[in-house]
Amino acid sequence: MNKLYRPSVYTIPVVIKDEPGKTLLIHGYTGAMDIASEKIMNCLQPEKRYSYDNIPLSKDVFDRLIARGYFTDKSEQEEYEYLKNFTSLFNRYEKTKSKVFTLMIAYDCNFRCPYCYEGNISGKGHQWSKKIFNKDTVDRAYQAMEEIEPNKNLRAKTITLYGGEPLMASNREIIEYIVIKGKSLGYNFDAVTNGYDLEYFLDLLGPESIKFLQITIDGEKEYHDKRRIHYKDGKSFDKIIANISKALKTGVSISVRANTDGRNISSMRNLKNYFYELGFYNYKTFSFYSALLCGEKSDVDKVKKNTQTSELNKKFEYLSREEFLLKQEQNDSDIWGQDYGVFTKIYRALKNSSKIQFHTIFCPSQTNSYILDPYGEIYSCWDTVGKRERCLGSYLDDIVWNEKERSLWHNRNIGTVADCAHCKYALFCGGGCMGKVLANGGSFESNFCDSYSLIFEKYVIQAYKKYRAEMH
Ligand code: SF4
Ligand code: SF4
């Protein structure tokens, strides 16, 4: 009897709304991508079973659909097993990639943002730790990086400067020391900054030094100044904008991130226009994106239930990912949101006719990220720095690992999270942000979908449209 084939459970259909009758098929473990007609899509209904005798398609088309993975003779269980084995092998490869280092310069910050993710470790701005690196701890941190990864080629060349606020004027001396010493060791730097004191660091910016800045601006001046509050001066919008103008002239790349919620989402268009007026887009090194404002579940619940002060509720209003994507579509569909790498992966695969790049983790915190703080503690995730229970180890004297915690972080992948192992998006999504899993009360076995299917569909279509436009 002729072998029976069934549609693979890992086939992802993305309907191209502007091109009636066409669906972009993507396969979740072969990495294939093809355009399918309505006739093919009818055959790919989950309940259908075909052999070469009864498939209502040509033999060549059926051959191709099998070769690309959309039809399979494996059972559902066998497909899950296949993904599990693939994940295990691929994750081993991912662990051989370069180790990525971040210096948590200080927990202190000169802003008092009401939604600050560090609020729970900073006493909401009232007990900010004043601990900062000194020259001895910087020297020790660089040494510790070499002990963590002795092979220079397996240490990422870029170190991220993080906080709190790393680029506060009062940190100037130690930042200069870090940059000069780091450059002599072959590193360059990125920094995540609020941009308020950037004028004190202009000489340290540029392609060979601090080469990239992520700066947060929360909408137009009116909104931003209510939320990004300097502890002494109050309003911060004008000063940050002036600093971006100066910084762009140094050749540094700047990505402006707007923490977006229900209050400011409608002002993103005007903000982008303002950046055009200022000439920021004349620099190829400038970009802007809108990021959904997230918080710890307890904080989000408080705001949603209106139990915080009415003053705070006037300042921000959390949106779900679905609400965010919908409002973005309605208001500003050309303003970049967070695509978690989907656009680039799909666009590259289309352009180069190559298979899509997979990953079994959401971010390097799950394999090879090391954040060194001024207390001598090592963390893995930007969202959990300062939370002692999430500490991977210490480095000030000899490196001492908390093996249990390190293993929890560095062994989480889509194969260890039950729901992800059966998910057709698994090798694209990577199981969701571990920091957000924990902020929402989950464990290392929990997934965090965050409406991934909607994000995937949106950016696959954008990548396809760009590819098509370039072809014509
Ligand atoms: S700038 Fe960042 S670290 Fe500082 S208060 Fe605002 S959110 Fe928190
Ligand atoms: S987090 Fe959700 S979308 Fe992502 S792989 Fe896991 S189950 Fe799939």
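One-based numbering, in listed order, for ligands and for the atoms of each.
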Inset, instruction - May I ask you to identify the nearest protein heavy atom to atom 4 (Fe) of ligand 2, giving residue, atom name and distance to one decimal place in Å? - result: Cys429 SG, 2.3 Å
Inset, instruction - Side-chain contact test, heavy atoms from C-beta onward, threshold under 4.5 Å: evaluate it for Ser236 versus Asp225 and give yes or no. - result: yes
Inset, instruction - Could you give me the CA-CA distance, side-chain angles and deciding distance for Thr193 and Gln214, then say whether side chain to side chain donor-acceptor pair (under 3.5 Å) is met? - result: CA-CA 6 Å; Thr193 172; Gln214 180 192 293; over 6 Å; no
Legend entry - Numbered atoms of ligand 2 (with element) below 4.0 Å of Ala426, judged on heavy atoms: 5 (S)
Legend entry - atom 6 (Fe) of ligand 1 to nearest N/O/S of Cys109 less than 2.8 Å: no
Legend entry - Residue portion contacting ligand 2 (non-hydrogen atoms closer than 4.0 Å) for Cys449: both
Legend entry - ligand 2 versus Cys420: contacting region, heavy-atom distance under 4.0 Å: both
Legend entry - Centroid separation Tyr459 to Phe343 less than 6.0 Å: no
Inset, instruction - Salt-bridge test for Lys84 and Glu79: reply yes if a basic N is under 4.0 Å from a carboxylate O, no otherwise. - result: no
Legend entry - Distance in Å, Ile414 CD1 paired with Asn91 CG, rounded so as to fall on 0.5 Å steps: 8.5 Å
Legend entry - Ligand-residue contact atoms, ligand 1 with Cys116, heavy atoms, under 4.0 Å: 3 (S), 5 (S), 7 (S), 8 (Fe)
Inset, instruction - Could you list the atoms of ligand 2 found under 4.0 angstrom from a heavy atom of Cys423? - result: 3 (S), 5 (S), 7 (S), 8 (Fe)
Legend entry - Nearest heavy-atom neighbours spanning Arg112 and Cys109: NH1-O, 2.7 Å
Inset, instruction - Could you tell me how the ring of Phe90 sits relative to the ring of Phe86: parallel (under 30°), tilted (30 to 60°) or perpendicular (over 60°)? - result: parallel
Legend entry - Distance filter under 4.0 Å to Phe448 heavy atoms, resulting ligand 2 atoms: 1 (S)
Inset, instruction - Using a strict cut-off of 4.0 Å, indicate which atoms of ligand 2 neighbour a heavy atom of Tyr452. - result: 3 (S)
Legend entry - Ring geometry between Tyr29 and Tyr82 (parallel below 30°, tilted from 30 to 60°, perpendicular above 60°): tilted
Inset, instruction - Give the contacting part of Glu165 toward ligand 1: side chain, backbone, both or neither, where contact means a heavy-atom distance below 4.0 Å. - result: neither
Legend entry - Asn447 neighbourhood, listing ligand 2 atoms whose heavy-atom distance to it stays under 4.0 Å: 1 (S), 2 (Fe), 6 (Fe), 7 (S)
